[in-house]
Every structure is written in C-alpha cells, then in structure tokens.
Amino acid sequence: MKIVVIGGTGLIGRQLVSDLVDRGHEVLAASPGTGVNSVTGEGLAPSLAGANVVIDVSNAPSLADDEVVTFFQTSATNVALAARKAGVAHAVLLSIVGTDRLQGSSYFRGKQAQEAAFAHSGVPFTIVRATQFFEFLGTIADGCTRDGVAHLPTFALQPIAASDVAATLADVAQSEAVNGIVEIAGPERAPLVEFVGTWLGHRDDSRAIVPDAETGYFGVPADDRTLVPGAGARLLPTRFEAWLTAQPARQQA
Ligand SMILES: NC(=O)c1ccc[n+]([C@@H]2O[C@H](COP(=O)([O-])OP(=O)(O)OC[C@H]3O[C@@H](n4cnc5c(N)ncnc54)[C@H](OP(=O)(O)O)[C@@H]3O)[C@@H](O)[C@H]2O)c1
C-alpha cells in the first residue's frame, strides 16, 4: 500500500515510517522539511496522489494558546479534505486519551478540533487516542518545576512507549477503519509522581520532588480518571522499567 505519514519526521513519525517500510509498504514521510506543509497546503495534494492510507502524527510547532488551536484545526482540515479528494480509503489520526476531559487547555481544544476534522471528513477514519509517552515524562517534570522543585501531581497515569504507539498505528493502518476512537495505553497504572520520580532518579536528576494532590495537568484540573483509558483500551506490552533500562542514564551535555 502507499501510506503517507503527516509528521513523518517526528518522534512517532520516524518510528512509524520505519515500521511501515519494514512491513513492505511504500511510505512517504511528509513534513515541511520534505516539502509537505499541512497548514499552508504546500505539497499536500501531490503527496496523497494514489495513497491508500494517510496517518496524521503531526504536532504544533508553537504551544501558544491561539496558535496551537489554529495549527491543529487548519492542518487537520487540510489533510482531511486532501485525503477525500485523493480518494484515500483510510485516514488515521493520533490523539490523546482524555482529550474531551481536558478542554480547559488550548492544546486539548486543538486536539478536539483535529479529531472533529477527521471524523467529519467523509473519509473512513480511525482516531487512535494514546496515553502519555514514556518519552514525554521529562517534559511533564519540567512543566511542574518551579524554583528547582518539581511539584508533581498524584493522579493516575498509564504511560506508553512511543515504539508501541508507532507499532499500533501501523497495525491500524493495515486494518479497516473503525469510524471511531481506539484507546491505547501502557501496561501499568500508578500515580504520576511515581513515574516521573523514577524517571528523574534514573537520570541522576537531583531536583527536589514534592507530591502535590492539588496540581492539575498543565494547568487543567485532573483526577484519577482524567488521563487513563476506559475499559475497552488496548494495553501495549512495554513495561516502564524495561524501557527505562534501555535509556541512557544521564542526558549528554
Ligand atoms: N507527547 C505525548 O505524550 C502524546 C501522547 C499521545 C498523543 N500525542 C500526539 O502525538 C502526536 C505526535 O507527537 P510527536 O511527539 O511525535 O511530535 P513531534 O516529535 O513534535 O513531531 C511533529 C511532527 O509534525 C511535523 N509538522 C510540524 N508542522 C507541520 C506542518 N505544518 N506540516 C506537516 N508536518 C508538520 C514535524 O515536522 P518537522 O520535523 O519538519 O518540524 C514533525 O514531523 C501529536 O499530535 C501529539 O498530540 C502525544
């Protein structure tokens, strides 16, 4: 099959492209650097000519309130429209578990708009909502750090390895569209402070940690149900400890 990966040069995109190539598909890694811009539309129609599947794993380059919503809305609308015009048989989108419960955040309002553009595109679609990537725990730590102290939320997290996300997207791309949402998560659930604390310890990061039951998720109130998937979620195999062991202990300067 010909498969176009929008955002094919990013964290998930690179692994997804490699996985799909290994499975024998003709794959186009689409990003501004490869001449495809989903916001301006540059290169989009030619890239999708003859494509069977498009997978959107793009991310907003700016997280500023108005820019992030505009990015996801514009990009997804352009991708969905171009996919319909090209006669693509399946449009797959990577989103986030709990998107509908985090609408106090402009990022998640952007993700909701992105989902809506795919769902209303007229193209058979599958929205894959993943939990937080193990690779994202450092960003969460930094986002919770003030004056060198990490004030880490205590609500539940069920993070997932980026490699498992990429492999699942490849599986979904080879399957029939579900015209709905599929949730995926890692195999273990624990308080966020435990995952991030373990990650910081593994990296010899000496910043102080304060568990904080009042801290939300990037400014949005959250509880034990907000970021974890429902009962029907697919749980992927990579355990946090195994992933951690494969990571370098300390970030190179
Ligand atoms: N972080 C998490 O824990 C998490 C959890 C669940 C789902 N997600 C979702 O996963 C998705 C992928 O995340 P990621 O970490 O892999 O992102 P990433 O590493 O930041 O990669 C983003 C990709 O989007 C491309 N891109 C940016 N602007 C574009 C444009 N105008 N046109 C086409 N491509 C463009 C980038 O291209 P360049 O390389 O050229 O800039 C890059 O290939 C995001 O939508 C995110 O919401 C994230």
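Order of appearance sets the numbers: ligands from 1, and atoms from 1 within every ligand.
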**Prompt:** Are side-chain heavy atoms of Thr9 and Thr34 found at a separation under 4.5 Å?
**Reply:**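 The answer is yes, as the side chains (C-beta and beyond) meet within the 4.5 Å cut-off.
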Distances only, to 0.1 Å: what are the N or O pairs between ligand 1 and the protein that fall under 3.5 Å?
unit_1, atom_1, unit_2, atom_2, d
ligand 1, 3 (O), Phe133, N, 2.9
ligand 1, 16 (O), Leu11, N, 3.4
ligand 1, 16 (O), Ile12, N, 2.9
ligand 1, 19 (O), Leu11, N, 2.8
ligand 1, 24 (O), Asn59, N, 3.2
ligand 1, 31 (N), Asn37, OD1, 2.9
ligand 1, 32 (N), Ser38, N, 2.9
ligand 1, 32 (N), Ser38, OG, 2.9
ligand 1, 37 (O), Thr9, OG1, 3.4
ligand 1, 39 (O), Thr9, OG1, 2.9
ligand 1, 43 (O), Gly7, O, 3.2
ligand 1, 43 (O), Thr9, N, 3.3
ligand 1, 43 (O), Thr9, OG1, 2.7
ligand 1, 43 (O), Gly10, N, 3.0
ligand 1, 45 (O), Ser58, O, 2.7
ligand 1, 45 (O), Lys111, NZ, 2.7
ligand 1, 47 (O), Tyr107, OH, 2.6
ligand 1, 47 (O), Lys111, NZ, 2.9

Whether the [X] and [Y] side chains hold a donor-acceptor pair (N or O, under 3.5 Å, no angle test) is what I'd like checked.
X: Asp223; Y: Tyr217; result: no
X: Ser95; Y: Glu115; result: yes
X: Thr145; Y: Arg207; result: yes
X: Gln174; Y: His25; result: yes

**Message:** Are Phe218 and Phe108 an aromatic pair, judged by ring center distance below 6.0 Å?
**Reply:**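 Aromatic pair excluded; centres sit 6.0 Å or further apart.
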